[in-house]
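See structure below.
What you see is a predicted model, and the numbers here were worked out from it, not measured in a lab.
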Amino acid sequence: MDLETSRLLRRGLPLYTALAVALLVLTLGAILHLGREIFVPVALAVLLSFVLAPIVRGLQRLSIPQAVAVPVTVLVGFGAIAVLLVTMGAQFAGLGADLPKYQGTIRDKVVALAGSAEPGGALARVIEVWEGIGTELKQLGGDRKDGPDGLPVPPGSRPIPVVIQDGGGLLGTLGGFVSPLLHPLATAGLVLIFVIFVLAAREDLRNRFVRLLGTEDIQHTTAVIDDAAGRLSRLFLMQLGLNAAFGAAIAIGLFLIGVPSPLLWGILAGILRFVPYVGAVVGALPPLALAFAVDPGWSMFIWTALLFVALEPVFGHVLEPLLFGHSTGLSPVAVILAAVVWTFLWGPIGLVLAMPLTVCLVVLGRHVRGLGFIDVMLGDRPALSPAQIFYQRMLAGDPSEAILQAREFLRERSLSTYYDEVALEALRLAQEDVARNRLSPDRQEVLRRSTETLIASLEGLRDPLPKGGQAGGEAAAAVMAAGPDRGASTRVLARDDLRPGWEGAAAVICYARPDTLDEVIARMVAQVLTKHGMGAVVVSTTSNEPLAGGAPVRAEEVRMVCLSYVEPLSTLHLRYAVRLARKQFRGAFTVLGIWRDRDPGASRTLGQAARADAVAPTIGAVLSAAVAEA
């Protein structure tokens, strides 16, 4: 292979990879669609096994053998499903017998609406169209033919065609009755068999899955599988219990309101609530339509609507977050996409199974390295860390998202912790790109100005300590990932708390080179110190003047000097800077801020070589040193 061919192949490799992935996805979709008669029972069995496995384990803890625990659990589970189906069938039968009685109420309401509608209005046009459709439907019954006088023949006067067919005797009659039941019965039988085998051989299946994933680290793989299975079981059980409680509450409410067949609509509402977003709405439509048909007035319809409007937010926004933390681990886009894809592949049953199946895929993506892209695409965890989002937004010259993130973060964390965990980490990423010559001077300037805009937006923050509240979105992820909030334990000093000489506006000066990342971090340090009750000013290392303007700093006012360096030039340079600061501000406490990395050992070594009084790899460390001195 010559050099030119090799170069062309490397250039076309991303396209070939994309085509291969697209072909793989289409192939898997075709297999799932064509093999749905097999895959649907298997999927139902696996999901039911997640729900029933804790019951089997509980029975085994009571010294009941597995050979007894599995059949008993399956019998109880499928018995409960059979009871629900029989109950729904009985309720449907009773409702069907009563439906003709409600036609008069519906007709009266439609006539009343037609009479109250403005002529030519939208409601009047809708009613006219509906009545026209009803008239046309009444005339259906055969091909429309005209009589000798050119007028249409009334439907009642047309001859009714009679077709004589051979019924096939008793076997034909039984076949016509049984054939519609064969498919659901066969599916139920397959599900039952699969559930029994999955529950009976779950340890063996787990071991085989471990072998497929690799046996290099068996204890870790086993722990991951057990954790994933436990999480899914808890999730499905809590979701089942919550939806059952929702259905029970709907049934009780409809019974008190007086809607016929309340048990049917409660069961239906609980089942449909497994469908994300639209399930509760679809479950509310049948009882609303029945309330419209039953009650001559509007009170039953209004109370039924209020029942669903009141219960769904309570279950969806209060109980669900309390039980299993806000979400199932799926992003909102993934929930909608999963519903569309699984419905296309498997029909209505796919819509019900969409969220559980996708949750299983996301859990696998989080624990199996080769499937990590599933978690990235469908999971609700941020694709980028808060520091990476900060860096990207600053580079784009759009700090608004980072400002919102900061305000959310500051609900539960202190200002110094936000700067250390998010902003400082982002600026370290920027410095790494600068060191590799990947960040142009223009981009550095955009980054610097955007970060200064964010710092200025936080200037109006009255309290640098956490305000309390619930952080959300990317900020919540940052709060969960961060360590202890040391800044929250650092008090805000009042004027009476300061030692003599620390009352001045320039008690602390932060030295930094102008128009660099050193200056940006020095501004953060000065802002944090000021918010904690100490006067702080950012001073240029070249002109020895305040970078924010104002009167020159008087040496006798300075009690502490902080030198800001993202990337020190050399130990000799640091030693010279410390010596110069001590010479100019005699008696001032000297802190060397080295923000390159968070390794305290490396920073301490540099600080000792530079002969500074203290060394700080974070803004929180500078704050602690300043509070101790003040």
Side-chain angles (χ1 to χ4, degrees), residues 386 390 399 402-427 450-469 471 475 478-479 482-499 501-512 518-539 546-550 553 557-564 588-589 591 593 595 614 616-630:
F390 184 102
I403 293 173
L404 292 175
Q405 179 196 72
R407 296 189 182 279
E408 290 290 321
F409 190 101
L410 292 173
R411 292 184 180 183
E412 293 199 12
R413 312 287 284 186
S414 63
L415 179 62
S416 62
T417 302
Y418 168 73
Y419 280 146
D420 284 338
E421 299 290 343
V422 180
L424 200 55
E425 289 291 340
L427 296 179
S450 299
T451 309
E452 288 178 352
T453 300
L454 178 136
I455 297 171
S457 71
L458 299 179
E459 193 62 39
L461 187 69
R462 294 183 179 180
D463 191 353
L465 302 181
K467 294 184 289 186
V479 170
D485 188 1
R486 296 182 178 87
S489 60
T490 305
R491 57 188 287 196
V492 177
L493 302 178
R495 191 173 182 83
D496 295 338
D497 299 328
L498 298 174
R499 292 179 180 176
W502 280 83
E503 302 89 350
V508 181
I509 64 170
C510 302
Y511 263 128
D518 297 341
E519 179 193 348
V520 172
I521 300 177
R523 290 185 183 276
M524 296 179 187
V525 174
Q527 187 182 68
V528 169
L529 296 178
T530 302
K531 299 296 182 185
H532 278 267
M534 293 162 282
V537 178
V538 181
V539 176
L547 290 173
V553 176
E557 293 182 359
V558 178
R559 294 293 179 268
M560 176 175 164
V561 179
C562 176
L563 298 107
S564 175
F589 188 81
V591 177
W595 326 115
T618 64
I619 295 174
V622 177
L623 174 62
S624 299
V627 170
E629 289 297 314

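With rounding to the nearest 0.5 angstrom, the NE2 atom of His532 is 5.0 Å from the OG atom of Ser416. Taking CG from Leu563 and CG from Asp518, the interatomic distance works out to 10.0 Å, rounded to the nearest 0.5 Å. Taking CE of Met560 as the reference point, atom CG of Leu529 lies at 6.5 Å (rounded to 0.5 Å). One distance of note links CG of Leu424 with CH2 of Trp595; it measures 7.0 Å at 0.5 Å rounding. Taken from CD1 in Ile619 to OG in Ser624, the straight-line distance is 12.0 Å, to the nearest 0.5 Å. The CG atom of Leu415 lies 10.5 Å from the OG1 atom of Thr530; values are rounded to the nearest 0.5 Å.
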| Stepwise, does the side-chain contact (heavy atoms from CB on, under 4.5 Å) test hold for Val508 with Val537? | CA-CA 6 Å; Val508 181; Val537 178; over 6 Å; no
| field | Derivation of the side-chain contact (heavy atoms from CB on, under 4.5 Å) call for Glu519 and Cys510 | value | CA-CA 9 Å; Glu519 179 193 348; Cys510 302; over 6 Å; no
| request: Quick one: do Leu458 and Tyr419 satisfy side-chain contact (heavy atoms from CB on, under 4.5 Å)? Show the steps, please. | output: CA-CA 11 Å; Leu458 299 179; Tyr419 280 146; 3.7 Å; yes
| request: Test side-chain contact (heavy atoms from CB on, under 4.5 Å) on Leu454 and Phe390 and set out the steps. | output: CA-CA 10 Å; Leu454 178 136; Phe390 184 102; 3.7 Å; yes
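Of the residues Met524, Arg413, Gln405, Glu408, the one that meets the side-chain contact (heavy atoms from CB on, under 4.5 Å) test with Tyr418 is Gln405.
Residue Ala625 comes nearest to Val591 through the heavy atom pair CB-CG2, 4.4 Å, listed as atom of the first residue, atom of the second, then distance. Scanning both residues, Met534 and Leu623, for their nearest heavy atoms gives CE-CD1, 4.2 Å. When all heavy atoms are compared, the tightest approach of Leu498 to Gly533 is CD1-O, 3.7 Å. Phe409 and Ser414 get closest at one heavy-atom pair: CE2-O, 4.4 Å. Residues Tyr511 and Val561 approach most closely at CD1-CG1, 3.7 Å, considering heavy atoms.
Formation of a donor-acceptor pair under 3.5 Å by the Gln527 side chain with backbone atoms of Ile455 is found in this model. Ser564 contributes no side-chain N or O that, together with a main-chain N or O of Ala512, makes up a donor-acceptor pair within less than 3.5 Å. Checking side-chain atoms of Lys531 against main-chain N and O of Ala526 turns up no donor-acceptor pair under 3.5 Å.
A salt bridge does not link Glu629 to Arg559: none of the charged side-chain nitrogens sits closer than 4.0 Å to a carboxylate oxygen.
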